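Here the structure comes first, spelled out in structure tokens, and everything after it is commentary.
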Amino acid sequence: MRSWLWVPALLAALPAVAADVLHLYNWNNYITPETVKRFEKSCNCKLVQDYYADNEEMLAKLAAGATGYDILVPTGNAVQNLILQGALQPLDKRLLPNLKNIKPAFMGEFFDPGNEYSVPYAYSVTLLGYNVEKMRERGIPMDTWAAIFEPRYLERIKGKVTVLDSQRELVAAALKYLGYSVNDVDEAHWKKARDLILRAKPYWAAFNAASYIKELTVGNIWLAHGYSNDMFTAAQDARAAGRKFTIGYATPKEGAVLALDNMVLHKSGPRPDLAHRFMDFMLDGRNSAELTNAIGAGNPNADAMQYIHPDIAQNRAVFPDKAATDRMEMLHDLDRKQRRLLNRMWIEIKVR
């Protein structure tokens with residue numbers, strides 16, 4: 001009798017073992033393979049990732065019905081959107097003892113004041129990456145958004161410029177250059193930003209949010225609007241490949257977007273237990289520092305700083321000083337009416 005009871009009990013346990021898989025919907029190249037291996041070993045589980053290149057892409061996929069993701073890594077404005085949708089599970093902070101490692105400056109942000117749903121992961125600054133020699137030869141200043149918006153500069157590098165294929169990021173850069181906040185929602189100001197973009201568009205090679213690192217690294221592109229961690233990677237790759245040029249990157253003087261990416265639990269995720277273990281694992285200083293050392297991602301983890309290579313910790317594009325951060329803003333979510341208007345403007349930008 002005891003054996004008869006034991007067999008179904010064992011069979012019932014088997015699916016739980018087979019289901020020890022954590023599903024992560026993440027940005028491209030936003031965790032190192034070594035970190036993944038260590039986590040899998042620590043939990044005796046498998047980490048499976050899908051990737052996105054823009055918050056809007058991630059939100060659209062979820063809106064279309066994608067389910068089964070345990071953890072997402074959205075930027076603040078996308079966290080705000082997901083909370084309003086009721087799409088997230090609240091955190092169990094008893095399972096996150098390493099949450100104490102996050103710098104106070106990155107806690108309690110506007111999109112989740114009590115950090116009920118979100119754990120800061122890493123951050124980037126949206127800035128300009130460039131071929132130092134080509135820009136210098138052509139006398140193009142790299143401390144201003146004028147480099148990607150003004151024809152007087154663009155005519156010297158026509159066809160060698162890419163901008164992010166992201167409506168929020170590109171419009172934010174245009175708004176900053178025009179002297180407005182990245183969160184300005186005045187329709188007249190948006191139209192000025194649209195006109196600025198349309199004036200510059202004929203000089204650009206592409207809207208590109210996925211492969212601009214490679215394009216910069218091989219020399220096909222000389223100037224790119226993109227993320228600080230991507231520009232760090234491009235500079236490293238060009239150096240490692242022995243290129244005869246240097247990749248630099250700089251934050252425009254008009255200001256820029258600071259994007260704080262966060263780990264959150266999607267309601268459809270079947271393994272919140274593994275998800276909490278992953279979050280706490282990534283909140284450990286050594287594990288968190290590995291991403292910064294690999295790709296130059298900004299790090300909100302105080303305990304990680306002791307493990308970050310000194311040259312990266314001192315890099316002001318990765319860890320901006322107060323003067324720079326005072327000119328930076330985080331994007332806020334838009335309401336339905338504003339989103340519809342921006343979508344219409346974006347379609348106009350892309351088809352004209």
Side-chain angles (χ1 to χ4, degrees), residues 27-28 52-61 63-64 74-75 77-78 81 124-130 140 144-213 215-216 220-227 230-231 252 254-259 329-352:
W27 295 86
N28 295 305
Y52 54 91
D54 182 63
N55 282 295
E56 297 301 323
E57 177 188 342
M58 178 266 295
L59 291 171
K61 184 172 179 179
T75 310
N77 57 304
N81 182 292
S124 64
V125 178
T126 312
L127 41 63
L128 298 175
Y130 53 92
I140 298 172
T144 171
W145 289 117
I148 63 166
F149 289 127
E150 287 297 341
R152 69 180 183 274
Y153 297 130
L154 288 168
E155 62 189 9
R156 306 174 202 173
I157 49 174
K158 185 174 182 180
K160 296 292 185 178
V161 183
T162 64
V163 294
L164 284 172
D165 192 7
S166 166
Q167 54 182 242
R168 288 302 305 277
E169 288 283 10
L170 185 56
V171 170
L175 286 169
K176 268 295 186 189
Y177 181 56
L178 292 168
Y180 305 122
S181 165
V182 300
N183 293 306
D184 192 318
V185 291
D186 186 306
E187 187 173 345
H189 297 166
W190 278 13
K191 286 179 177 175
K192 285 184 182 179
R194 175 204 60 195
D195 292 345
L196 182 71
I197 291 166
L198 286 172
R199 187 182 67 169
K201 183 186 171 186
Y203 299 92
W204 298 338
F207 294 84
N208 188 337
S211 63
Y212 66 89
I213 301 175
E215 299 295 331
L216 265 177
N220 291 341
I221 291 299
W222 299 342
L223 175 61
H225 164 229
Y227 304 112
D230 286 343
M231 303 311 181
E254 296 89 359
V257 170
L258 180 109
E329 299 176 84
M330 292 189 193
L331 289 170
H332 290 215
D333 193 31
L334 302 174
D335 64 30
R336 190 171 299 176
K337 180 180 176 184
Q338 292 160 351
R339 192 175 286 274
R340 277 200 306 266
L341 175 59
L342 186 58
N343 285 340
R344 284 200 303 270
M345 283 178 49
W346 188 244
I347 291 168
E348 183 181 358
I349 287 167
K350 296 298 279 289
V351 300
R352 277 181 58 179

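Predicted model only: the values in this text are computed from it and were never measured.
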Quiz item: What residue pairs, at least two apart or across chains, pass side-chain hydrogen bond (donor to acceptor under 3.5 Å, both in side chains) with a residue in residues 153-165?
Solution: Asp165-Lys350

Quiz item: Do the non-hydrogen side-chain atoms of Arg194 and Leu342 ever get within less than 4.5 Å of each other?
Solution: no

Self-check item: Donor-acceptor under 3.5 Å (Trp204 side chain, Ile148 main chain)
Solution: yes

Quiz prompt | Nearest heavy atoms of Ser166 and Asp54, plus distance in Å | solution = OG-OD1, 3.0 Å

Quiz item: What is the minimum heavy-atom distance between Tyr212 and Ala224, and which atoms define it?
Solution: CD1-CB, 4.1 Å

Quiz item: Do any N or O atoms from the side chain of Glu329 and from the backbone of Val182 form a donor-acceptor pair under 3.5 angstrom?
Solution: yes

Quiz prompt | Gap separating the CZ atom of Phe149 from the CG atom of Leu154, nearest 0.5 angstrom | solution = 9.5 Å

Practice problem: Output the distance between atom OG1 (Thr126) and atom CG (Leu164), rounded to the nearest 0.5 Å. | Solution: 6.5 Å

Quiz item: Mind checking whether Trp27 and Tyr52 have ring centres under 6.0 Å apart?
Solution: yes

Quiz item: Tell me, do Asn183 and Leu331 make a side-chain contact under 4.5 Å, heavy atoms counted?
Solution: yes

Quiz prompt | Heavy-atom closest pair, residues Ala147 and Leu128 | solution = CB-CD1, 4.2 Å

Quiz item: Any side-chain heavy-atom pair from Thr144 and Tyr177 closer than 4.5 angstrom?
Solution: yes

Quiz item: Minimum heavy-atom separation for Trp145 to Leu127, with atom names?
Solution: CH2-CA, 4.0 Å

Quiz item: Can you find a heavy atom in the side chain of Met330 that is under 4.5 Å from one in the side chain of Asn77?
Solution: no

Self-check item: Closest approach of Tyr227 to Ser124 (non-hydrogen atoms, all atoms of both residues)
Solution: CD2-OG, 3.8 Å

Quiz item: Going by heavy atoms in the side chains, are Glu169 and His225 under 4.5 Å from each other?
Solution: yes

Self-check item: Residues Glu348, Lys191: salt bridge by 4.0 Å N-O rule
Solution: no

Quiz prompt | Residues which pass side chain to side chain contact (heavy atoms under 4.5 Å, CB included) with Pro151, listed by chain and number, not counting sequence neighbours | solution = Arg199, Tyr203

Quiz prompt | Partners passing ring pair (Phe, Tyr, Trp, His ring centres under 6.0 Å) against Trp190 (at least two apart in sequence or in another chain) | solution = none

Quiz item: Hey, are Lys61 and Glu57 close enough for a salt bridge, meaning a charged N less than 4.0 Å from a carboxylate O?
Solution: no

Self-check item: Leu178: side chain to side chain contact (heavy atoms under 4.5 Å, CB included) partners, not counting sequence neighbours
Solution: Tyr180, Lys192, Ala193, Leu196

Self-check item: CG-CH2 distance between Leu341 and Trp346, expressed to the nearest 0.5 angstrom
Solution: 14.0 Å

Self-check item: Value rounded to 0.5 Å, distance of NE2 in His332 from CG in Asp184
Solution: 12.5 Å

Self-check item: Flag, side chain of Lys201 to backbone of Arg352, donor-acceptor distance under 3.5 Å
Solution: yes

Self-check item: Residues that Arg336 engages under side chain to side chain contact (heavy atoms under 4.5 Å, CB included), provided they are two or more places apart
Solution: Arg340

Exercise. Taking side chain to side chain contact (heavy atoms under 4.5 Å, CB included) as the test, write out the residues that go with Ala78, two or more places apart.
Key: Asn55, Met58, Leu59, Pro74

